[in-house]
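Below is one structure, written out as structure tokens; comments come after it.
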Amino acid sequence: MTRKKVLATAAAALTITLGLAACGSGGGIDGGDGDDIDVTSADTVWRLAFNQTEEHPQYLAAVELGEALYEATDGRYGIEVYANELLGTQADVVNNVSEGSVEMMYIGGPVMESFNEDFIVFNLPYMFASQEAQAGVFADTEVTGDLFASIEESKGITVLAALFAGVRNVYNAERPVVEPEDLDGLKLRVQQSDSQVRMIELMGGVASPMGQGEVYTALQSGVLDGAENNETVYNALNHDEVAEYYSYTRHLMIPDYLLMNTDILADMSDEDREAFQALIPDLVESANTGFLEFIDESIAASEEAGAQFNDDVNVEAFRERVTPLVEESINNPVRQDLFDAVQQYNEQFPAGS
Ligand code: GCU
């Protein structure tokens with residue numbers, strides 16, 4: 001049994017022994033100075049929905065944010081983080097955030113397209129030349145301001161931050177992928193959005209949109225042949241066990257967003273809200289830095305589990321295949337402006353910069 005599986009089994013056993021219901025992060029976290037901070041004792045405890053594991057840097061950064069918020073507001077606010085898709089798929093939970101029954105969540109970029117399709121620009125294949133170019137775009141409120149404001153008005157959702165979420169590649173149980181033809185007939189899971197379906201079809205595969213939590217079982221039972229994701233998901237969700245060929249198509253670098261219900265944010269006192277917002281840059285820094293380390297650890301762990309990483313991929317052929325998606329998506333002035341802004345950052349921070 002791998003170390004990860006031993007831990008997972010032990011955690012499952014503990015959950016059963018203690019009879020715990022689904023619960024989030026919370027009580028008794030060591031605040032770093034030896035004092036335990038029980039964020040669930042705050043006057044108001046927000047729930048933050050997350051669809052990945054407790055080892056993920058975004059989870060750890062959110063827990064830190066909850067503790068810092070508790071301290072900054074003298075216990076008026078705390079955040080409890082619910083990992084492993086416990087509160088539902090991103091496509092479902094985002095509606096709860098819109099209504100305010102869940103206060104916060106992390107969400108992958110493509111799922112935002114159902115609220116405002118202009119978000120698609122940041123989810124297109126081969127859009128960002130480098131992580132630095134992507135970070136530049138999301139630090140520039142002149143570029144993102146109107147787009148983000150559009151869903152505050154229409155859906156009551158505020159984008160608190162955009163985060164680096166790795167680079168996505170294809171993996172499957174059948175063979176290494178070198179050319180688009182190698183995807184022929186392979187059924188691959190994609191995130192829940194039309195753009196992602198179209199992308200995989202153009203790349204040569206058969207697309208199957210679904211929430212992340214169902215993917216392992218679908219791979220195991222053969223309903224899916226593979227999926228596309230970064231190395232951390234591949235390892236943390238044990239996809240490496242059931243789809244051993246991971247190939248570096250490098251087709252996507254899409255952000256994750258940290259979202260919050262707009263009214264709940266507005267209801268805070270000015271002082272508390274400012275204190276909260278001042279903590280967000282630390283979350284971004286912590287999550288993004290941690291992500292890079294997490295990738296390296298994930299690759300090593302997957303290799304140990306027997307996965308094969310293939311970097312001999314005709315990336316240019318895939319890039320050419322998806323050009324129609326890029327062209328047909330940049331079809332209004334708003335998207336054109338967003339696209340042009342990305343190109344400026346790409347020039348400033350080209351690949352390998
Ligand atoms: C990544 C991303 C998530 C997304 C997931 C998925 O893990 O960070 O936000 O939900 O991929 O493919 O569903």
Side-chain angles (χ1 to χ4, degrees), residues 48-62 81-95 97 102 104-115 119 122-123 125 128 131 134-135 138 157 159-172 187-197 199-200 205 207-219 224 226-240 243 246 249-259 283-284 286-295 297-299 302:
L48 189 157
F50 186 46
N51 70 351
Q52 298 174 70
T53 66
E54 288 98 342
E55 288 160 359
H56 195 288
Q58 289 178 5
Y59 175 89
L60 301 171
V81 190
Y82 289 76
N84 300 312
E85 220 175 62
L86 273 177
L87 299 185
T89 67
Q90 292 182 340
D92 287 339
V93 180
V94 72
N95 293 306
V97 173
V102 172
M104 301 176 75
M105 75 181 295
Y106 285 117
I107 193 166
V111 188
M112 300 298 282
E113 292 165 24
S114 63
F115 288 147
F119 271 88
F122 299 141
N123 306 326
F128 295 102
Q131 186 185 345
Q134 190 190 50
F138 288 116
I157 292 175
V159 179
L160 293 173
L163 300 164
F164 178 65
V167 174
R168 297 171 78 102
N169 303 288
V170 297
Y171 49 91
N172 73 88
K187 194 162 180 196
L188 306 180
R189 178 267 175 175
V190 294
Q191 293 179 85
Q192 292 155 298
S193 104
D194 293 345
S195 68
Q196 302 300 293
V197 171
M199 176 190 73
I200 283 296
S208 179
M210 65 177 77
Q212 186 164 261
E214 293 172 64
V215 181
Y216 178 83
T217 314
L219 287 169
L224 286 173
E228 55 81 50
N229 218 315
N230 61 57
E231 299 92 334
T232 72
V233 169
Y234 183 55
N235 178 247
L237 301 188
N238 299 323
H239 297 178
D240 51 9
Y246 190 99
T249 43
R250 297 196 164 82
H251 57 279
L252 283 179
M253 184 193 292
I254 41 182
D256 281 332
Y257 299 103
L258 177 63
L259 304 183
L283 170 127
V284 174
S286 163
N288 286 357
T289 309
F291 201 98
L292 295 176
E293 287 162 24
F294 197 38
I295 292 173
E297 291 164 16
S298 302
I299 294 172
S302 286

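One-based numbering, in listed order, for ligands and for the atoms of each.
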* **Heavy-atom nearest neighbour in the protein, as seen from atom 4 (C) of ligand 1, with distance rounded to 0.1 Å** => Gln191 OE1, 3.7 Å
* Measure from the ring center of Phe122 to the ring center of Tyr257 and say whether it is less than 6.0 Å. => no
* Asked: Would Val159 and Leu259 satisfy side chain to side chain contact (heavy atoms under 4.5 Å, CB included), going step by step from the backbone distance to the final call?
  -> CA-CA 5 Å; Val159 179; Leu259 304 183; 3.9 Å; yes
* Closest protein heavy atom (residue, atom, distance) for atom 9 (O) of ligand 1 -> Asp256 OD1, 2.6 Å
* Heavy-atom gap Gln58 to ligand 1 smaller than 4.0 Å -> no
* Numbered atoms of ligand 1 (with element) below 4.0 Å of Asn229, judged on heavy atoms -> 1 (C), 5 (C), 6 (C), 7 (O), 11 (O), 12 (O)
* Using non-hydrogen atoms of the residue, decide whether Arg168 is closer than 4.0 angstrom to ligand 1. => yes
* Structure fact -> Note: ligand 1 atoms sitting under 4.0 Å from heavy atoms of Arg189 are 6 (C), 12 (O), 13 (O)
* **Note, Leu283 side chain near Leu258 side chain (heavy atom, < 4.5 Å)** => yes
* Is the Phe128 ring parallel, tilted or perpendicular to the Phe138 ring (thresholds 30°, 60°)? -> tilted
* **Structural part of Asn51 in contact with ligand 1, heavy atom criterion under 4.0 angstrom** => side chain
* **Partner set under ring-ring contact (aromatic ring centres under 6.0 Å, His included) for Phe291, not counting sequence neighbours** => His56, Phe164
* **Enumerated ligand 1 atoms positioned under 4.0 Å from heavy atoms of Gly108** => 9 (O)
Please list, one pair per line, the donor and acceptor atoms closer than 3.5 Å that link side chains of residues 105-114 to other protein atoms, with sequence neighbours excluded.
unit_1: Tyr106; atom_1: OH; unit_2: Gln58; atom_2: O; d: 2.7
unit_1: Glu113; atom_1: OE1; unit_2: Ser193; atom_2: OG; d: 3.2
unit_1: Glu113; atom_1: OE1; unit_2: Ser195; atom_2: OG; d: 3.0
unit_1: Glu113; atom_1: OE2; unit_2: Asn123; atom_2: ND2; d: 2.7
unit_1: Glu113; atom_1: OE2; unit_2: Ser195; atom_2: OG; d: 3.0
unit_1: Ser114; atom_1: OG; unit_2: Val111; atom_2: O; d: 3.1

* Stepwise side chain to side chain donor-acceptor pair (under 3.5 Å) test for Asp240 and Tyr246 -> CA-CA 8 Å; Asp240 51 9; Tyr246 190 99; over 6 Å; no
* To do: Identify the protein heavy atom lying closest to atom 5 (C) of ligand 1, giving its residue, its atom name and the separation to 0.1 Å.
  => Gln212 OE1, 3.0 Å
